[in-house]
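Count residues from 1 along the sequence. Heavy atoms only: backbone and side chains are in, while hydrogens, waters and symmetry mates are out. A quick note: this is a predicted structure, and the numbers were derived from the prediction, not measured.
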Amino acid sequence: MNTCTHCQNEQNTNCIQIVPIFSGLTQEEMLEIAHITTEQKYVKGETIYLAGKTEKRLYVLHSGRVKISRLSSTGKSQLIRVLGPGEFMGELTILNDAPLSDYAEALEACTMCMIEGLALKELMQKYPSIALKVMEELSARLEKAESLIEDINLHSAERRLAGELLTLSDGKSEFTLPLTKGDLASQIGMTQETLSRKLSIFQEQGFIQLRGQRTIIITNRKGLTEQARIE
């Protein structure tokens with residue numbers, strides 16, 4: 001093995017090591033996956049893949065953030081989830097022959113480790129723990145999607161927004177929205193206009209203070225917490 005190839009495999013192994021689905025593998029087993037892995041960098045706003053893509057490949061995010069969205073027949077974008085380092089996408093093309101139904105875009109400069117799908121599928125048969133952890137991840141995503149559907153159907157926009165703000169604040173009084181208002185609105189099942197209106201109401205009620213486009217200061221956490229429980 002030449003030095004460059006060796007360095008590349010070490011880089012790919014570093015990428016793989018942060019992915020939970022590979023956490024139970026030995027260093028030797030991770031090297032097997034590194035051999036079928038390539039690295040690619042993307043700039044902010046760059047499209048990583050589009051819906052309809054059929055190439056079998058697992059995309060593992062090493063650094064940065066990526067948003068996964070879907071387009072309706074009318075062209076409206078629906079945010080599905082935001083991925084951070086160690087998370088993956090594109091797994092459905094490996095598990096079945098269906099093309100991707102979503103598209104991925106870099107929210108910031110990111111590095112992606114891409115694993116060749118057919119070879120990975122063979123390794124999943126060799127190491128069942130990988131397949132089981134993929135299933136666990138898909139199960140967690142399904143549970144989150146079902147919870148969102150329940151929230152949209154059963155809970156008011158005010159309750160959903162208050163709960164999301166408390167989650168995003170992570171206990172801090174001041175924080176910056178990690179998404180655009182349009183993406184945040186899509187994520188919690190409302191229009192951007194509704195989101196802006198509800199944020200203004202929360203500010204008038206003294207729960208929060210808006211600063212600029214994306215900075216939020218929680219001025220009454222108790223009141224916001226109560227709002228997250230009111231129906």
Side-chain angles (χ1 to χ4, degrees), residues 4-5 7-22 33-121 134 137-138 140-141 144-145 148 164 168 175-192 195 212-215:
C4 290
T5 303
C7 290
Q8 185 62 51
N9 282 336
E10 281 191 347
Q11 268 188 315
N12 293 340
T13 302
N14 290 337
C15 181
I16 292 164
Q17 284 175 334
I18 68 171
V19 185
I21 63 173
F22 300 134
I33 298 176
H35 282 302
I36 58 172
T37 301
T38 56
E39 181 185 287
Q40 187 161 336
K41 296 183 183 297
Y42 296 87
V43 298
K44 180 179 179 180
E46 187 173 358
T47 298
I48 297 169
Y49 64 72
L50 293 170
K53 186 178 179 68
T54 56
E55 184 178 2
K56 294 181 179 297
R57 180 179 288 176
L58 187 73
Y59 296 80
V60 177
L61 187 56
H62 186 229
S63 63
R65 291 186 307 139
V66 170
K67 72 172 181 178
I68 308 297
S69 307
R70 290 187 182 180
L71 286 177
S72 69
S73 57
T74 60
K76 182 180 179 181
S77 178
Q78 169 67 54
L79 179 68
I80 304 299
R81 61 184 179 275
V82 174
L83 303 182
E87 296 185 281
F88 60 88
M89 53 196 178
E91 67 285 341
L92 294 182
T93 61
I94 297 173
L95 300 176
N96 59 46
D97 293 326
L100 289 165
S101 57
D102 50 41
Y103 67 93
E105 178 186 329
L107 281 174
E108 57 194 42
C110 62
T111 301
M112 194 75 63
C113 293
M114 296 176 292
I115 305 175
E116 203 281 308
L118 294 178
L120 177 60
K121 195 170 184 179
V134 169
E137 173 63 22
L138 294 180
R141 289 181 188 177
K144 188 173 181 179
L148 177 58
E164 186 68 14
L168 292 173
F175 65 99
T176 301
L177 294 176
L179 302 168
T180 65
K181 287 182 179 178
D183 283 339
L184 177 61
S186 176
Q187 189 174 46
I188 58 178
M190 63 180 71
T191 64
Q192 185 173 346
L195 174 70
Q213 289 298 310
R214 293 167 65 174
T215 299

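- Using a 4.5 Å heavy-atom cutoff, the side chains of Ile115 and Ile94 are not in contact.
- To the nearest 0.5 Å, the span separating NZ on Lys121 from CD on Glu91 amounts to 13.5 Å.
- Rounding to the nearest 0.5 angstrom, the gap separating the OH atom in Tyr49 from the CE atom in Met112 is 8.5 Å.
- Gln78 places a side-chain N or O within 3.5 Å of a backbone atom of Ser186 that can act as its donor or acceptor partner.
- Here the closest heavy-atom approach between residue His62 and residue Cys113 is recorded as CB-SG, 4.3 Å.
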Side chain to side chain contact (heavy atoms under 4.5 Å, CB included) evaluation trace for Phe88 with Glu137: CA-CA 10 Å; Phe88 60 88; Glu137 173 63 22; 3.3 Å; yes
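- Smallest separation of non-hydrogen atoms from Leu83 and Leu61: O-CD2, 3.4 Å.
- Tested against Asp183 for a salt bridge (Lys or Arg N to Asp or Glu O under 4.0 Å), the candidates Arg214, Lys67, Arg81 yield a single pass: Lys67.
- Looking only at side-chain heavy atoms (C-beta outward), Cys110 and Val66 come within less than 4.5 Å of each other.
- Defined by atom type and a distance below 3.5 Å, a donor-acceptor pair is missing between the side-chain atoms of Arg57 and Thr93.
- Closest heavy-atom contact between Ala104 and Ile68: CB-CD1, 3.7 Å.
- The minimum heavy-atom distance linking Leu71 with Tyr103 is given by the pair CG-CE2, 3.7 Å.
- Here the CD1-OG distance, from Ile80 to Ser69, works out to 7.0 Å after rounding to the nearest 0.5 Å.
- Lys56 and Asn96 make their closest contact through NZ-O, 3.0 Å (heavy atoms, listed as atom of the first residue, atom of the second, distance).
- Distance check, rounded to the nearest 0.5 Å: NZ of Lys181 to OG1 of Thr191 gives 13.0 Å.
- Sorted by first and then second residue, the salt bridge (charged side-chain N to carboxylate O under 4.0 Å, His left out) pairs with a member in residues 99-112 read Arg65-Glu108; sequence neighbours excluded.
- Residues Gln187 and Leu184 are in side-chain contact: their nearest non-hydrogen atoms beyond the backbone lie under 4.5 Å apart.
- Separating the CG atom in Leu179 from the CG atom in Leu168 is a distance of 7.5 Å, to the nearest 0.5 Å.
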Check against side chain to side chain donor-acceptor pair (under 3.5 Å), Lys41 and Thr111: CA-CA 4 Å; Lys41 296 183 183 297; Thr111 301; 3.2 Å; yes
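- Distance check, rounded to the nearest 0.5 Å: CG of Leu177 to CG of Leu195 gives 8.0 Å.
- Between Ile48 and Ala106, the closest heavy-atom pair is CD1-N, 4.2 Å.
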